[in-house]
Amino acid sequence: MYTAHPDRYTDMPYRRTGRSGLKLPAISLGLWHNFGPADRTVETQRAILRRAFDLGVTHFDLANNYGPPPGAAESAFGEALKSDLAAYRDELIISTKAGYLMWPGPYGEWGSRKYLLSSLDQSLTRMGLDYVDIFYSHRPDPETPLEETMGALHSAVQQGKALYVGISNYSAEQTREAARILGELGTPLLIHQPRYSMLDRRPEDEGLLDALDELQVGSIVFSPLEQGLLSSRYLDGIPEDSRAASDSPFLNSDALTEDLVTRLRELNDIAKSRSQTLAQLALAWVLRGGRVTSALVGASSPQQIEDSVAATRNLDFDADELARIDAIVKP
């Protein structure tokens, strides 16, 4: 019988999400790649969740299509929740999303009311939950009116199946319009989930972070480690068991150019000067200054979640460090 660590809230920083009353841990656990029967043993998955919660990670982020196969991550999480964490449900923030392909036919993806609410019902069944804390539109639908997509999110809250709503992969302009529509419906936009890292500055360059500041909407960033590039894993080549050596659609060996490896090593030198690993530096960088509410990390072992959480011990940067990072990443 699992009993959570009594000091689990001692060291983790919690940040208010936009103008809401909800606080999220600075580090959240995403179940994108490492959950589902094809990826890790059940016991390893459960051990990762338990260790994360013991370290103050209260937020677990999923989507309907996470696996593989799609749905597997939610099913695996539901089993772990029932086995270990059910007694702590009121201490957990559980999120899921809908937007990508889940079943055949015209109602199995994108942003229609039909798809979003059907998908949410399926997600709740897989996880054994009555509600999720956050339900996201996973991507904008170019063919469905935004009013319909946002109306479906509003309905999820009205039906008691979600407490808050969010969006992911929306542009700054789309985010402003989504926030306007939701505001008029009476269900505020809580949070946006964009891709953001030292190597991917689009939320800065395209004005998304500015829009979130103006709207007082929170942010939780995915891929802050760029699929593992911003870690020590590739500083000396491509390990045979790494994602870059596999047939992963998210990272392949072509991305590991000589120039990139040189820059990763230079970033690693900065990390060492801060008594951090490169991954910890990358997490601290996205969390710097408080503009980002939380950083989503994956973990294939309890040790990996421990290493990620350790990044919160030093989130401050001086101007020289930031300038050196920019000079390396944006020469």
### By ring-ring contact (aromatic ring centres under 6.0 Å, His included) - contacts of Y115 (at least two apart)
W103

### Message
Once salt bridge (Lys or Arg N to Asp or Glu O under 4.0 Å) is applied, do any residues pair with E91, and if so which ones, sequence neighbours excluded?
### Response
R8

### Task
Just jot down the salt bridge (Lys or Arg N to Asp or Glu O under 4.0 Å) partners of R19, sequence neighbours excluded, or say none.
none

### Query
Can you find a heavy atom in the side chain of N64 that is under 4.5 Å from one in the side chain of L120?
no

### Task
Classify the side-chain pair T17/S20 by whether it contains a donor and acceptor separated by less than 3.5 Å.
no

### Query
Under 6.0 Å from the OH atom of Y107, do we count more than 12 heavy atoms belonging to anything else shown?
no

### Query
When you check the side-chain N and O atoms of S155 and Q159, is any donor under 3.5 Å from an acceptor?
no

### Message
I'd like to know whether CZ of R313 has more than 12 heavy-atom contacts from other residues, nucleotides or ligands below 6.0 angstrom.
### Response
no

### Task
Would you please say whether a donor-acceptor pair under 3.5 Å links the side chains of Q193 and D61?
yes

### Task
Return the set of residues passing ring-ring contact (aromatic ring centres under 6.0 Å, His included) with F222 (not counting sequence neighbours), or none when no residue passes.
none

## Note on the structure
Sorted by chain and number, sequence neighbours left out, ring-ring contact (aromatic ring centres under 6.0 Å, His included) with F60 holds for F77

### Query
Mind checking what makes side-chain contact (heavy atoms from CB on, under 4.5 Å) contact with L315, not counting sequence neighbours?
R15, A284, L287

### Query
Taking atom types as modelled and ignoring hydrogens, do the side chains of S112 and E148 form a donor-acceptor contact shorter than 3.5 angstrom?
no

### Task
Any pair with a residue in residues 255-276 that passes ring pair (Phe, Tyr, Trp, His ring centres under 6.0 Å), sequence neighbours left out, goes on the list, sorted by first then second residue, please.
none

### Task
Check whether more than 12 heavy atoms from other residues, nucleotides or ligands sit under 6.0 Å from atom CD of E258, and answer yes or no.
no

### Those residues that, when tested against K114, pass salt bridge (Lys or Arg N to Asp or Glu O under 4.0 Å) (two or more places apart)
none

### Query
Would you say the side chains of T149 and T144 form a donor-acceptor pair under 3.5 Å?
no

### Message
My understanding is that only residues two or more places apart in sequence, or in another chain, count here; which of them pass side-chain contact (heavy atoms from CB on, under 4.5 Å) with T262?
### Response
E266

### Task
Work out which heavy atom in L116 is nearest to a heavy atom in A98; give both atom names and the distance.
CD2-O, 3.5 Å

### Query
Regarding S137 and Y170, is there a side-chain donor-to-acceptor distance under 3.5 Å anywhere?
yes

### Message
Under the rule for side-chain contact (heavy atoms from CB on, under 4.5 Å), what residues qualify as partners of D130, not counting sequence neighbours?
### Response
none

## Note on the structure
Sorted by chain and number, sequence neighbours left out, ring-ring contact (aromatic ring centres under 6.0 Å, His included) with Y100 holds for H138

### Message
Please confirm whether the ring centroid of Y66 lies under 6.0 Å from the ring centroid of F35.
### Response
no

### Message
R274: which residues meet the salt bridge (Lys or Arg N to Asp or Glu O under 4.0 Å) condition with it, sequence neighbours left out?
### Response
E321

